[in-house]
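This report refers to the structure that appears directly beneath it.
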Amino acid sequence: MTKFPFPILLFHPNPRTISPLRKAHYSPNKPNPATPSVLSPVAATNLIKSLCAQGSPALARRMFDEMPERDVVAWTAMISGYASNGRHEDAWATFRQMTADGVGPNEYTVSSVLTSCKGLGWRRGGAVVHAVAVRRGVDRGTYVENALLDVYASCGGGSDDDGMDEARKAFEEMAERTAVSWTTMVAGYTHRGDGYAGVLVFRRMVQEGAELNPFTCSIAIRACASIGSLTLGKQLHVMVEKSGHGFNLPVANSLVDMYCRCMSLAEARRYFNEMPQRDLITWNAMIAGLQRYNSQEALQLFLEIGSEDLQPNCFTFTSILSACADLAVLHCGQQVHGAIVRRGFTGNLQMANALVDMYAKCGSIADSREIFSEMNQKDLISWTSMMIGYGINGYGKEAMDLFDEMINLGIQPDHVVFMVVISACSHAGLVDEGLKYFDAMRTGYDIPPNSEVYGCVIDLLGRAGRLMEAYELIKEMTFEADESIWGALLGASRMHNNVGLGRLAAQKIMDLKPEETKTYVLLSNIYAAGSEWGEFAETRRLLRGMGSKKEAGMSWIEVRNKVCSFVAGDRSNPYVDLVYEILEMLVQHMTEVECDYNSDGLLHDLEEVT
DNA sequence: GTAGGGTTAG
């Protein structure tokens, strides 16, 4: 790439108008500034382009400002230079100056400034440009039409309008649809979460015989990943391999991501290993994919990232922090935090959210709060993460205070944050407070509770022993209760040994999910606690007939950077006798300090896994 | 002088 050719030549021979930039390059030995050579407008425009291509739009702007006359080509070079450097505000401002100066935009100007409207997510700006283009008769042509389509497809319309109707209309009216037009439509649907519509557009594209290129392949795979269809994903994979784009990096990266999202980790890993070359995005997709199912393996792969001379970035660290949170390995999380600080990545919002989450889930609530408090930018997820942290650590009151603080700052809550604060109340036994939030959600904020929220409220009432209220609430629901809601009632019935409701809830779950063995275990425990031995034996008989065991309970702690796991009923540890002796001591101690220790359930569950 | 793609958090 050519370097900027200093000294800059002059347009105006008047030394009084010499800019600071040019002054810096004058010296007594250089030619007299009053008689410099003059760049032609074409040469100046080329210089502007070259400066922008080198990532110096500011320098280009000084050149531009010193041009005695600026034609539409110069203006467009400046606008497009800003756009390609991500300076969309400046591109827009320059477009406005241009029209104010009476210079009419052409097709090139229109497509460039539309790119910036998209970059700003600003649909209305796009519509203004559209109107100007129509007035000047430059609203036709592949480039302009595709750029317009992209603004409509990429920026939402308004509260009830996702903007795709208008995009679709523009798309159908196009004289000629290129691969770019098709890609834009598939991407528009996919980014809105309508991967199914995206796949349909892609299918139509193939049917109409449009040629596949890496862009269309990768977005089509992404559409497929978003709906989690492995069958469709595999078909696409075959199609992509046939078209010869199988190992194009963005395409291959989408494939890795697709296999992960379709829960086919082995295939993702196989493809990952087969790839002739990988970049950081490949690694990040694979690590994030593993993290969703097996945090331990995600950490392992993370350690191998250096073998390809790659440096982890914010995406990598965010996934790895989730893995640490999931495994509750505080030391590991602290080391990752250190690596993040050393690399100066601390300003990233998503990663700070992951840090808040990690410290909270590793039980270090003070560190979590410190990160949260020091964030100079917070979104709803930051607040939610902090509230979850308080909730799981038993700080119900703090979660409530944080919720109120958030509301006072004018932040709009969603159903997730309501669920979290209600759940925090539930774990802290703050029943009436939890119900207050549930009421505020429905009446004050008009957010219809989904089944997860109902599950939380049932749990809240159930833990407190208000089982009939919980049952009444289920009956009031406008939709059919699913197994998680009945599960919450069943758990509460077990906790308070309510045979009648327990039997009813269990029956509902058995209808909805007959293969769920946990239901039988819980129900039999309720019968045992109620001394209904006939029913107990019958439930156990059914359970044995199902031929599968309840998954063994497991917990783990981290000691000196190693994770030690404990599986219920496992006696393989060489120190097993000592372990049980100490456990006995702890139980004894808990009983002495009147800790609320529920041992009867433990015995029934324990025999199940042996 | 102009348009389209892949990885992260509750």
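Heavy-atom basis, side chains included; hydrogens, waters and symmetry copies ignored. Convention: sequence-line order gives letters A, B, ...; per-chain numbering from 1. None of the values given here were measured: they were computed from a predicted structure.
One atom, CG of L47(A), and another, P of dG1(B), lie 13 Å apart when rounded to the nearest Å. The interatomic distance linking M174(A) (CE) with dG4(B) (C1') rounds to 11 Å, in whole Å. Rounded to an integer number of Å, the gap from CD of Q291(A) to P of dT7(B) is 16 Å. Atoms CG (L51(A)) and P (dG1(B)) sit 14 Å apart, rounded to a whole Å. The distance from atom CG of D139(A) to atom C1' of dT2(B) is 15 Å, rounded to the nearest whole Å. Across the protein-nucleic acid pair, Y152(A) atom OH and dG4(B) atom P stand 16 Å apart, rounded to whole Å. Counting to the nearest Å, the C1' atom of dG6(B) and the CD1 atom of I219(A) are 9 Å from each other. Atom CG of N248(A) is separated from atom C1' of dG4(B) by 13 Å (rounded to the nearest Å).
Under the 4.0 Å criterion applied to side-chain N and carboxylate O atoms, K234(A) and E267(A) are assigned as salt-bridge partners.
Within 3.5 Å, a donor on the side chain of D279(A) pairs with an acceptor on the base of dG6(B), or the reverse. Side chain S112(A) to base dT2(B): no donor-acceptor pair is found below 3.5 Å. The base of dG10(B) lies close enough to the side chain of T384(A) for a donor and an acceptor atom to sit less than 3.5 Å apart. N213(A) contributes a side-chain N or O that forms a donor-acceptor pair with the base of dG4(B) under 3.5 Å.
OP1 or OP2 of dG4(B) has not a single side-chain nitrogen or oxygen of R177(A) nearer than 4.0 Å. OP1 or OP2 of dG4(B) has not a single side-chain nitrogen or oxygen of H191(A) nearer than 4.0 Å.
In this structure, F215(A) forms an aromatic stack with the base of dG4(B), since both conditions hold: centre separation below 5.5 Å and plane angle below 30°. In this structure, Y108(A) counts as stacked on the base of dG1(B) under the 5.5 Å centre distance and 30° plane angle limits.
Of the listed nucleotides (dT8(B), dT7(B), dG10(B)), dT7(B) has the atom at the smallest distance from the side chain of A285(A). Between dT8(B), dG10(B), dG4(B), one nucleotide has an atom nearer to the side chain of T184(A) than all others, and that is dG4(B).
Nucleic acid contact class of A354(A) (heavy atoms, under 4.0 Å, all strands): none. Using a 4.0 Å heavy-atom criterion, one finds that A352(A) contacts no nucleic acid atom at all. No engagement by D71(A) is indicated, since no non-hydrogen atom pair under 4.0 Å with the nucleic acid exists. R261(A) comes within 4.0 angstrom of the backbone, heavy atoms only, and of no base. T76(A) comes within contact range of at least one nucleobase, with a heavy-atom separation under 4.0 Å.
Checked against the 6.0 Å centroid criterion, the rings of Y259(A) and F272(A) do not qualify as a close aromatic pair.
Proximity of M67(A) to I48(A): side-chain heavy atoms (C-beta onward) are separated by under 4.5 Å at one or more points.
Each of R123(A), R168(A), H130(A) was evaluated against Y152(A); a single residue qualifies, H130(A), per the side chain to side chain donor-acceptor pair (under 3.5 Å) test.
D401(A) pairs by the side-chain contact (heavy atoms from CB on, under 4.5 Å) definition with K397(A), not counting sequence neighbours. Taking the side-chain contact (heavy atoms from CB on, under 4.5 Å) definition, one finds that A170(A) meets it with L149(A), sequence neighbours left out.
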